[in-house]
Protein chains: 2
Amino acid sequence: MYQVEHTFAALGDATRLAIIQQLAERETSLSELANPFSMSQTAVTKHVGILAQAGLVEINKRGRTRYCRLKTKPMQQAEQWLETYQKFWKENLNNLANYLDQEE
Amino acid sequence: MYQVEHTFAALGDATRLAIIQQLAERETSLSELANPFSMSQTAVTKHVGILAQAGLVEINKRGRTRYCRLKTKPMQQAEQWLETYQKFWKENLNNLANYLDQEE
DNA sequence: TTTATAGTCAACCATATAGTTGATTATCAA
DNA sequence: TTGATAATCAACTATATGGTTGACTATAAA
């Protein structure tokens, strides 16, 4: 079953966010993904593995190449989680003063 | 400076999400926060510390009690990050087919 | 003053994370 | 067939994370 904390944990790393930004452009192979980083391909592959395990990335093999593709659903659900709480905070009278406080 | 991955990392734990849910209700003391969990107060205090360091929680001392209050701005920014990419994916022609694929 | 409550602090443990390297397998292309 | 490219695997290191306990300090309340 889906648990939003896994999505947040997967997003909680600068390298992985950069990978996601690349995959938002287009499907990308592992070696191409690793290229811009000053770290080994093994390390990047591990990051992709963490994204895949969280359901954020799908890996497809064609020939000797592994192509990575973004899966947007978990991020949509994570956004929804934030959205729900955002609404709740804004409507919660007890916290309204606090909320306004923070706008300064 | 603000970096969204710190917010995501702070959100990437079930205990901390539960703490946030409680703080969305009202300002809560550390001991009160720790109460519902089957872990030591020290452990809960550490989680709150991580939330505080990520700017998601503010701690105020009154008497011997530490009251924790939610700070919504970082989560608003995290939501924006997701929102921006969401829009981008939906408008990206190259990925439209992939996106629709995932709707099945 | 005594006792209970709120919380901190330091030390420790187990496991996960983020990275490395070197050797190996699989595939493509000359 | 030979060599380059794509990627995996195993082993290892260092540090961070999530938790514990026991002793301590600070504050409130009887």
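All values below come from the heavy atoms of this structure, side chains included, with hydrogens, waters and symmetry mates left out. Below, chains carry the letters A, B, ... as their sequence lines are ordered, and counting in each starts from 1.
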**OP:** Scan nucleotides 11-24 of chain D nucleotide by nucleotide, 5' to 3', and note B when protein non-hydrogen atoms come under 4.0 Å of the base, S if they reach only the sugar-phosphate, - if neither.
**Re:** B------SBBB---

**OP:** Quantify the bending of the helix from C:dT1-D:dA30 to C:dA30-D:dT1 as the angle between its end axes, each fitted on five pairs, to 10°.
**Re:** 20°

**OP:** Please state whether the phosphate of D:dT5, meaning OP1 or OP2, lies under 4.0 angstrom from any side-chain nitrogen or oxygen of A:S31.
**Re:** no

Subject >> side-chain hydrogen bond (donor to acceptor under 3.5 Å, both in side chains) partners for A:E83, two or more places apart >> reply: none

**OP:** Would you check if A:W81 and B:I20 make a side-chain contact, meaning some heavy-atom pair closer than 4.5 Å?
**Re:** yes

Subject >> Under the side-chain hydrogen bond (donor to acceptor under 3.5 Å, both in side chains) test, residues paired with B:E79 that sit two or more places apart >> reply: A:Q86

Subject >> Under the side-chain hydrogen bond (donor to acceptor under 3.5 Å, both in side chains) test, residues paired with A:T28 that sit two or more places apart >> reply: A:Q22

Original post:
Which pairs pass salt bridge (charged side-chain N to carboxylate O under 4.0 Å, His left out) with one or both residues in residues 30-50 of chain B, sequence neighbours excluded?
Top reply: B:R26-B:E32

**OP:** For DNA chain C, determine which residues of residues 51-67 of chain A have any heavy atom closer than 4.0 angstrom to one of its atoms, and list them numerically.
**Re:** A:K61, A:G63, A:R64

Original post:
Under the side chain to side chain contact (heavy atoms under 4.5 Å, CB included) test, which residues partner B:A34, sequence neighbours left out?
Top reply: B:Q41, B:V44

Original post:
Do A:I50 and B:V4 sit in the same hydrophobic cluster, where Ile, Leu, Val, Met, Phe, Trp and Tyr count as joined when their side-chain heavy atoms come under 4.5 Å apart?
Top reply: no

Subject >> Atom pair CG (A:L30) and SG (A:C68), whose distance is rounded to the nearest 0.5 Å >> reply: 4.0 Å

**OP:** Please find the earliest and latest nucleotides of DNA chain C, in the 5' to 3' direction, that have an atom within less than 4.0 Å of any heavy atom of chain A.
**Re:** C:dA18 to C:dC28

Original post:
Do B:T7 and B:Y2 pass the side-chain hydrogen bond (donor to acceptor under 3.5 Å, both in side chains) test, and can you show the C-alpha distance, the side-chain angles, and the key distance before you say yes or no?
Top reply: CA-CA 9 Å; B:T7 305; B:Y2 170 75; 3.3 Å; yes

Subject >> Residue list, side chain to side chain contact (heavy atoms under 4.5 Å, CB included) with B:Q53, at least two apart or on another chain >> reply: none

Original post:
Can you find a pair of side-chain heavy atoms, one from A:T72 and one from B:Y85, that are under 4.5 Å apart?
Top reply: no

**OP:** Quickly work out the A:L30 CG to D:dT5 P distance and round it to whole Å.
**Re:** 17 Å

Tell me which donor-acceptor pairs under 3.5 Å the side chains of residues 55-67 of chain B have, and how far apart each pair is, sequence neighbours excluded?
residue, atom, partner, partner atom, Å
B:E58, OE2, B:K71, NZ, 3.2
B:R62, NH2, B:E27, OE1, 3.3

Taking only distance into account, with no hydrogens and no angle test, what donor-acceptor pairs under 3.5 Å do side-chain atoms of residues 8-17 of chain B form with protein atoms, sequence neighbours excluded?
residue, atom, partner, partner atom, Å
B:D13, OD1, B:T15, N, 2.8
B:D13, OD1, B:R16, N, 3.1
B:R16, NE, B:A10, O, 2.7
B:R16, NH1, B:H47, ND1, 3.0
B:R16, NH2, B:A9, O, 3.4

